[in-house]
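Lettering follows sequence order; numbering is per chain, from 1. Side chains are part of it too, since the values below use all heavy atoms of this structure and drop only hydrogens, waters and symmetry mates.
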2 protein chains.
Amino acid sequence: MENVRELFHTMTKRLGLLDRNCCTVGGMELSLVQSHILYEIDRMNEPSMQQVADAIAMDITTFSRQIQTLMKMNLVKKTPYPQDRRVYILSLTPEGKYVTAKIDAEVNEYLAEVFSHMSEFERETVLRSIRLLNECMAKSTVCCKPLF
Amino acid sequence: MENVRELFHTMTKRLGLLDRNCCTVGGMELSLVQSHILYEIDRMNEPSMQQVADAIAMDITTFSRQIQTLMKMNLVKKTPYPQDRRVYILSLTPEGKYVTAKIDAEVNEYLAEVFSHMSEFERETVLRSIRLLNECMAKSTVCCKPLF
DNA sequence: CTCCTTTATTTGCAATATGCAAATATTTAT
DNA sequence: ATAAATATTTGCATATTGCAAATAAAGGAG
């Protein structure tokens with residue numbers, strides 16, 4: 001299996017840097033954590049606090065405070081959920097949507113640049129490989145917990 | 001390019017969880033950051049503080065304090081460098097080597113389990129893909145800075 | 001040799017993030 | 001009606017972060 005861990009370590013390190021570089025939108029500076037929260041809220045369907053915290057594998061109390069910050073920044077909205085009044089539904093404000101879309105565009109642009117160094121065939125292979133890897137990690141019983 | 005970012009996001013999230021699960025050795029609990037510092041020191045050849053901090057893309061002042069902590073935990077040793085007395089060379093103590101090897105073994109075991117859900121051919125393809133991806137990220141001019 | 005600039009590392013400090021325990025509010029089960 | 005479970009927030013103590021400044025040593029210009 002040679003240096004498998006090193007391969008993965010290098011990859012995640014670089015992808016992490018890429019992510020970090022995409023946390024500035026206009027004048028606004030987001031932390032990596034905040035960027036991930038916005039990403040998950042955008043992706044999930046009317047999620048509750050708990051659901052998003054679970055998805056990010058973040059302690060709910062820390063998460064609660066991050067949401068307070070994001071609300072002060074006018075990026076996130078909390079709506080009481082009528083069917084269960086303990087629950088709040090999270091959503092992005094228009095500004096939050098704008099910021100999230102901007103980050104998404106920038107990440108994709110960076111990724112496109114990375115892929116521009118490959119042939120069409122290589123690109124397809126790499127993407128298929130990552131898809132397969134994700135499936136196998138989902139199947140894995142031993143690692144990558146907590147699952148989402 | 002479909003959902004390329006989502007693919008990468010899922011992968012890094014899961015690999016991050018895998019990494020986090022590997023931070024407990026015996027009774028000792030390491031943070032993810034500390035685990036990465038040990039990993040880099042182990043890998044680099046007689047590195048200075050600054051070199052490791054750069055490799056991890058971490059602010060040198062934060063790094064300096066993390067090293068202080070790791071020294072208190074008796075995992076890391078700082079040796080003055082005779083040729084340039086501003087510099088300290090970092091190395092792992094025997095205990096640090098043990099912990100680092102233990103983490104490495106656990107990560108590799110987890111990765112092996114993930115790859116056990118693939119055929120030999122798929123595994124080779126995935127590893128080759130990641131190698132290629134790393135090369136392309138290294139070539140990239142626009143992202144993944146600061147480089148290492 | 002002396003002065004100035006650069007580099008490596010550490011400390012002061014203030015802001016932020018973290019997570020456990022406990023509080024609160026609400027729902028579900030008995 | 002009461003008890004147990006769930007969702008969210010707050011108290012608190014600790015840890016992490018990064019900028020600015022301090023310290024120490026090296027290298028270069030004259």
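When the C1' atom of D:dA26 is taken as reference, atom OH of B:Y81 falls 13 Å away, rounded to whole Å. Protein atom CD of A:Q83 is 15 Å distant from nucleotide atom C1' of D:dA7, rounded to whole Å. If you measure from atom CD1 of B:I67 to atom C1' of C:dA8, you get 14 Å, rounded to the nearest angstrom. The CD1 atom of B:I37 sits 11 Å away from the C1' atom of D:dT16 (whole-angstrom rounding). Separating the CG atom of A:D54 from the P atom of D:dA7 is a distance of 8 Å, rounded to the nearest angstrom. In this structure, the CG atom of B:L32 is 12 Å from the P atom of C:dT18, given to the nearest Å. Across the protein-nucleic acid pair, A:F63 atom CZ and D:dA7 atom P stand 13 Å apart, rounded to whole Å. What separates NZ of A:K72 from C1' of C:dA17 is a distance of 13 Å, to the nearest Å.
Atom CD of B:E46 sits in a sparse spot, with 12 or fewer heavy atoms from other residues, nucleotides or ligands closer than 6.0 Å.
Within the 4.0 Å cut-off from OP1 or OP2 of C:dT11, at least one side-chain nitrogen or oxygen of B:Q68 is found. Taking only side-chain nitrogens and oxygens, A:Q34 never comes nearer than 4.0 Å to OP1 or OP2 of C:dT16. Contact check, B:S64 against C:dT10: a side-chain N or O comes under 4.0 Å of OP1 or OP2. Note on B:R85: a side-chain N or O is less than 4.0 Å away from OP1 or OP2 of D:dA25. The side chain of B:Q66 contributes an N or O atom lying less than 4.0 Å from OP1 or OP2 of D:dT17.
Looking only at distances, a side-chain donor or acceptor of A:N108 sits under 3.5 Å from a matching main-chain atom of A:D104. A:S48 places no side-chain N or O within 3.5 Å of a backbone atom of A:I89 that could act as its donor or acceptor partner. At least one donor-acceptor pair under 3.5 Å links the side chain of B:T125 to the backbone N or O of B:F121. At distances below 3.5 Å, at least one donor-acceptor pair connects side-chain atoms of A:T10 with backbone N or O atoms of A:E6.
Taking the side chain of A:M58 as heavy atoms from C-beta on, and the options C:dT26, C:dT9, C:dT18, the nearest nucleotide is C:dT18. Residue A:V33 has its side chain nearest to C:dT18 when only C:dT18, C:dT10, D:dT8 are considered. Distances from the side chain of A:Q50 to the nucleotides C:dT10, D:dA7, C:dA8 place D:dA7 closest. Taking only side-chain atoms of B:I60, from C-beta outward, the nucleotide of C:dT6, D:dT8, C:dT10 with the closest atom is C:dT10.
Under the 4.5 Å side-chain criterion, counting only non-hydrogen atoms from C-beta, A:V107 is not in contact with A:Y39. Using a 4.5 Å cut-off on side-chain heavy atoms (C-beta onward), A:L90 and A:M44 make no contact.
One side chain, B:H36 or B:D19, offers a donor N or O that lies under 3.5 Å from an acceptor on the other.
Between the side chain of A:R86 and the base of D:dT6, a donor-acceptor pair under 3.5 Å is found.
Looking at heavy-atom distances under 4.0 Å, A:S48 makes contact with sugar-phosphate atoms alone, never a base.
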Under 3.5 Å, N/O pairs linking protein and nucleotides 19-22 of chain D:
residue : atom : partner : partner atom : Å
D:dC19  : N4   : B:T61   : OG1          : 3.1

